[in-house]
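Everything on this sheet refers to the single structure shown next.
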Amino acid sequence: METITEKSKCSGCSACQNICPKGAISMRHEPESTYPCIDPAKCVECGLCVKVCPANKGSARESKTDTGKIYPIVYACRLKDNEMIKTSTSGGAFIALAKKAISMGGVVFGAVWEKDFRVTISSAQTNAELTAMQGSKYVESNVQFSFRETAAALKEGKVCLYTALPCQIAGLLSYLTMRKINCENLYTADLVCHGTPSEVLYLSYLKHYEASKNVKLRQVNHRYKNKNWNSLVPIDCAYISKNGKKKAFAAFKDGYLNGFLQGKIYKDGCYDCSYASMPRIADFTLADFTGLGAAKKYKNNYKAGVSQLIINTQKGKSFFETIKDDLIFEERELYEALFFNRQLWKPSRKPKDADNIRQDFKNGMTWEILRKKYLDKNPKNRMIQLIKDMIPRIFGAHLTVKVMFYLKKKKMAPDEALEKLNAYFNK
């Protein structure tokens with residue numbers, strides 16, 4: 001067997017790698033994609049990899065997991081635990097879900113940094129192990145064999161919470177369906193994803209950063225929380241060297257993160273993602289609550305951060321009842337969530353120079369030149385980012401999002417997404 005699916009459609013979810021009985025499949029990383037490679041010496045042509053692939057037939061979306069879907073319920077929420085929320089990217093909704101699963105003797109799966117700065121989906125069975133899963137990681141995560149680990153835990157009767165990107169959740173559900181695993185104790189949470197750059201680009205950038213700054217990095221924080229939350233959700237980053245020195249600054253001043261924020265360095269499949277849509281594939285959907293308060297006032301204090309928690313299934317609704325005492329929360333309108341989080345219902349647009357950036361990288365162009373040519377050191381891009389940064393400083397974040405809501409309401413209103421969602425539940 002030569003191919004499982006078209007390279008441009010592959011999300012790199014690793015369902016094929018997990019289901020292969022002969023260990024014939026490994027994942028290959030390139031700037032524009034991550035896709036499976038098959039070892040012909042080990043392959044026995046069983047076809048399981050083709051059958052399990054969500055990109056081929058949408059098996060996860062058509063599986064029995066859809067039967068519990070409910071019209072999305074949207075909450076703005078934050079942890080009551082003021083210390084725990086400090087280490088969370090936004091309001092700590094993930095921690096509330098994860099701690100509950102742990103308290104039930106369960107296993108939590110989520111993305112963690114490895115020592116070499118690769119990101120992998122790992123498991124946790126104690127609250128202490130959850131710390132590594134906190135925080136945003138704006139690079140692709142490697143599923144490895146966590147689907148197999150989830151299946152084993154479910155067969156033992158354990159509760160499992162699997163938190164990942166929607167394409168990875170699709171791969172997990174398809175894998176478990178083909179394995180005929182009882183998913184009664186499985187809870188899933190997908191993240192609102194703008195797109196994921198390949199780890200090839202990211203690891204290369206870190207080498208460039210270390211060389212240009214003459215440092216060795218110990219830790220990277222893509223969402224450094226050093227300010228009070230506001231409805232524009234400003235993104236700062238921090239680089240911590242092995243000698244303990246910290247350098248923090250606005251993310252748009254960082255070459256890699258600016259490329260991420262502009263959507264210029266994602267993998268090809270991200271620009272045509274079928275999972276950036278409603279209804280969502282998981283029991284829960286987690287995101288920042290950008291634009292909170294623009295359409296309608298909110299009543300709680302969210303200065304420490306706020307999560308957007310969307311409940312998509314009856315199972316998720318029941319689980320939420322068990323954690324709500326740990327949260328400060330209020331229900332919000334779905335329209336508000338869709339308006340400021342476009343990737344809930346539509347994938348990121350592909351910028352004109354996305355292909356050029358990745359091709360130049362493959363041809364050996366250094367990150368310093370890439371930054372000057374395409375990203376934060378490009379005078380035009382830098383001026384636009386500086387203007388965007390200054391407007392809320394002058395007028396305030398709350399007024400800025402209200403003006404954005406008013407100006408873009410007709411152009412960006414997600415009426416089409418709501419119509420499709422209503423049609424789904426009324427059919």
* **Centroid-centroid distance, Tyr298 to Tyr302, less than 6.0 Å** => yes
* Audit row: Lys267, Glu30, salt bridge (Lys or Arg N to Asp or Glu O under 4.0 Å) steps and yes/no -> CA-CA 9 Å; Lys267 294 184 293 184; Glu30 292 186 352; over 6 Å; no
* Is the Lys NZ or Arg CZ of Lys350 less than 6.0 Å from the centre of Tyr266's six-membered ring, within 45° of the axis? -> no
* Are Lys253 and Asp376 close enough, and set up right, to give a salt bridge (Lys or Arg N to Asp or Glu O under 4.0 Å), and what steps lead you there? -> CA-CA 6 Å; Lys253 295 181 180 179; Asp376 62 311; over 6 Å; no
* Expected output: side-chain Asn426 to main-chain Asn422 donor-acceptor under 3.5 Å -> yes
* Asked: Counting distance only, does the side-chain N/O of Ser318 pair as donor-acceptor with the main-chain N or O of Gln314 below 3.5 Å?
  -> yes
* **Residue pairs involving residues 105-132 (criterion salt bridge (charged side-chain N to carboxylate O under 4.0 Å, His left out); sequence neighbours excluded)** => Arg118-Glu199
* Distance only, no hydrogens: is a donor on one side chain within 3.5 Å (strictly under) of an acceptor on the other, for Gln17 and Tyr175? -> no
* Asked: If only atom types and distance count, is the side chain of Asn142 paired as donor or acceptor with the main-chain N or O of Val119 below 3.5 Å?
  -> yes
* To do: Report yes or no: do Gln144 and Ser14 form a side-chain donor-acceptor pair below 3.5 Å?
  => no
* Asked: Judged by modelled atom types alone, do Ser198 and His29 share a side-chain donor-acceptor pair under 3.5 Å?
  -> no
* Asked: Within the distance-only criterion (no hydrogens, no angle test), does the side chain of Arg78 pair as donor or acceptor with the backbone N or O of Leu327 below 3.5 angstrom?
  -> no
* Got a donor-acceptor contact below 3.5 angstrom from the Ser174 side chain to the Gly171 backbone? -> no
* To do: Look at the side chain of Asn301 and the backbone N and O of Lys303, then say whether any donor-acceptor pair between them is shorter than 3.5 Å.
  => yes
* Asked: Under 3.5 Å, is there a donor-acceptor pair linking the side chains of Asp254 and Tyr239?
  -> yes
* Asked: Would you say Lys315's side chain and Leu186's backbone share a donor-acceptor pair under 3.5 angstrom?
  -> yes
* **Contact check, side chains of Ile25 and Ile4, non-hydrogen atoms, under 4.5 Å** => yes
* Is there a donor-acceptor pair under 3.5 Å between the side chain of Asp81 and the backbone N or O of Met84? -> yes
* **Tyr275 side chain to Arg280 side chain, donor-acceptor N/O pair below 3.5 angstrom** => no
* To do: Would you kindly say whether Gln168 and Ser11 are connected by a side-chain donor-acceptor distance under 3.5 Å?
  => no
* To do: State whether a side-chain donor-acceptor pair under 3.5 Å links Ser8 with Asp268.
  => no
* Answer with yes or no after comparing the ring centroid distance for Tyr75 and Phe320 against a 6.0 Å cut-off, counting only values under it. => yes
* Asked: Would Asp236 and Lys225 pass as an ion pair if we require N to O under 4.0 Å?
  -> no
* Answer with yes or no whether the side chains of Ser146 and Tyr162 bring together a donor and an acceptor at under 3.5 Å. => yes
* **Donor-acceptor pair between Asn312 and Thr285 side chains, under 3.5 angstrom** => yes
* Could you verify whether a donor N or O on one side chain and an acceptor N or O on the other, from Ser204 and Trp367, lie under 3.5 Å apart? => yes
* Asked: Checking Lys297 side chain against Ala294 main chain: does a donor-acceptor pair fall under 3.5 Å?
  -> no
* To do: Flag yes if more than 12 heavy atoms outside Asn127 fall under 6.0 Å of its CG atom; otherwise flag no.
  => yes
* **Where at least one partner belongs to residues 112-131, residue pairs that pass ring-ring contact (aromatic ring centres under 6.0 Å, His included), sequence neighbours excluded** => Trp113-Tyr202, Trp113-His222
* Please walk me through it: do Glu336 and Lys296 pass salt bridge (Lys or Arg N to Asp or Glu O under 4.0 Å)? -> CA-CA 9 Å; Glu336 180 181 41; Lys296 180 182 176 182; over 6 Å; no
* To do: Using a strict 4.0 Å threshold on nitrogen-to-oxygen distance, state whether Asp326 and Lys80 make a salt bridge.
  => no
* Worked check of salt bridge (Lys or Arg N to Asp or Glu O under 4.0 Å) between Lys420 and Glu416 -> CA-CA 6 Å; Lys420 288 182 179 179; Glu416 181 183 345; 3.3 Å; yes
* Asked: With no hydrogens and no angle check, do the side chains of Thr5 and Asn56 hold a donor and an acceptor under 3.5 Å apart?
  -> yes
* How about Ser348 and Gln343: does a side-chain donor come under 3.5 Å of a side-chain acceptor? -> yes
* Any sub-3.5 Å donor-acceptor pair from Ser307's side-chain atoms to Gly92's backbone N or O? -> yes
* Do Tyr138 and Arg223 pass the side-chain hydrogen bond (donor to acceptor under 3.5 Å, both in side chains) test, and can you show the C-alpha distance, the side-chain angles, and the key distance before you say yes or no? -> CA-CA 9 Å; Tyr138 294 137; Arg223 288 291 299 277; 3.0 Å; yes
